[in-house]
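Okay, so here's the structure we're looking at.
Lettering follows sequence order; numbering is per chain, from 1.
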Amino acid sequence: MRKQTRFVAYLSILAMLVGSLQSTQAQAVTYRVDPVHSFIIFRVKHLNTGFAYGRFNTFSGTMVVDERNPANSSIELEIDANSVDTGNSQRDDHLRNPDFFNTRQFPKITFKSTRVRKINDTTVEVQGNLTMRGVTRPITARVTYTGKGRNQRGQEIIGFETTFTIRRSQFNINYGLNGGLADEVRVTFAVEGIRQ
Amino acid sequence: MSVILESALTAGLAALAAGVFWLLGWRLRRAHALLSALGVSVGFAVLYWRVQGRPDFPPIDATQWVFWHALLALPLGWLAGIAPAYRWLWVWGALLGVLWLFVPPLRPLVESGFWSLTAGVAYIVGFALATWLLMALTAPLGEEGGLATPFLIALLGGVSAGVLFYGAKSASLAQLSGTLGAVVGVGVPLAFLRSFTIGRGAVALAMLLFMSLWTTALGFAQLTLGQLVVLYLLALTPALRLLPAMQRLSPAVRFALPLAIVLVVGGAAVGMTYSAYMAQSGDTYSY
């Protein structure tokens, strides 16, 4: 009888342990990037005069957000390079060809985070690898939490935004560097994720 | 430095590199076959480096193979130069060499699914055979004295630049093509030197590089197969001068006829691609 009682007690402890483990795992929530309410915008200086803006219209990705332990968070993003849109079809064609993205050989631009570090309650520093035109380079971006709520379907949603600058020459995109277009490209990624 | 000044400096440096080797070849007749090809090879490599920056090896980006073709195809240019003495070596060496050169730059189009395997193999073999034929038919032009050959090839570079700019919508491929024409064009002033010829190797290698640029533009930019065929036929046009019927005509007519064809057909090709480019949308985009 005593043996049986002890066995039940062990089982209870085990159940509690499993339960607490599950609740820890539940802190890391997976969100799917909502392409309708997310934006990837870039700008580059033209002829050292004005800024030209563009965006990518098609992309997908997932974010794992752990609010208690941001180091467990991560993001993966895949962008269709052919979806580049600057509001001018001729310029978009030019951007798709070998002068810029060479989309027939490299149809995807990808980002995969490698490390997330908490800066303060609303900001994290995300390090990761950006692959564009076959070249992978590490980048670092400060990402700001912009809000949380529910969409019209009642799904839980979360928002972040980041702006960072890359040098396109590091990705073998060298066209027009001699005064035509700046090397520095400022990228803004505003994302809304839907909880899975 | 302004873009125009930069482009002029690039073309000048590339042409200077080619000119130095051709002058050496003019003086050292025994090394003429090698120096003739070396002029185009080094001239184009200098040009590419200044326009596109330092390429990787092996290239991650398939479009960088154009640069490596200038160096790796040097033995083919040299073979073209010694072809009269070693005909079979030239025929088989050039054919296998060109096939080998065209696989790496076009293979990524099969790997990315842009071409099916069958289409990819057909394109690669077709382009290699067409390039080999173009090199074989035009190389003897390099033995002709006078300014006709370098002038016609320089003009081909200009036409090609226009079609690549408006048709393929690639400014850098257009710039490479136009400046390749300028590199060969340095043979025009040198043609006034007594018994100067640019050599078979220079012509063969220049034609291979034009084909490399055009196939790159077809595969990775927006050059159509029709536009490529027109450029290919224009590249063959100077070889009309070698036809027995043409050989009987005066030098002026032998020069004027292919010149007229390149000007009229090439001008029409540039005009049509420009019209199509402007008609694409109401807006204008000047790169």
(request) In sequence, state the C-alpha distance, the side-chain angles, and the governing distance for Glu161(A) and Arg142(A), and then conclude on salt bridge (charged side-chain N to carboxylate O under 4.0 Å, His left out). (result) CA-CA 9 Å; Glu161(A) 188 178 72; Arg142(A) 288 213 164 187; over 6 Å; no
(request) Measure Asp93(A) against the heavy atoms of chain B and call it side chain, backbone, both or neither at under 4.5 Å. (result) both
(request) Kindly indicate whether a cation-pi arrangement holds for Arg133(A) with Phe106(A), taking the cut-offs as under 6.0 Å to the six-membered ring centre and within 45° of the axis. (result) no
(request) Select one option (side chain, backbone, both, neither) describing which atoms of Gln64(B) are under 4.5 Å from chain A's heavy atoms. (result) side chain
(message) Under 4.5 Å from any heavy atom of chain A, what part of Phe220(B) do you find: side chain, backbone, both or neither?
(response) both
(message) I need the residue from Gly53(B), Ser112(B), Ala62(B) with the largest number of non-hydrogen atom pairs under 4.5 Å to chain A.
(response) Ala62(B)
(request) May I ask you to check whether Phe51(A) and His46(A) place their ring centres under 6.0 Å from each other? (result) no
(request) Please confirm whether Phe59(A) and Phe111(A) have ring centers closer than 6.0 angstrom. (result) no
(message) What part of Ile60(B) gets within 4.5 angstrom of chain A, counting heavy atoms only: side chain, backbone, both, or neither?
(response) both
(request) Against chain A, label Gln52(B) side chain, backbone, both or neither, depending on which of its atoms sit under 4.5 Å from a heavy atom there. (result) backbone
(request) May I have the step-by-step check of side chain to side chain contact (heavy atoms under 4.5 Å, CB included) for Val262(B) and Val159(B), ending in yes or no? (result) CA-CA 8 Å; Val262(B) 174; Val159(B) 169; 4.3 Å; yes
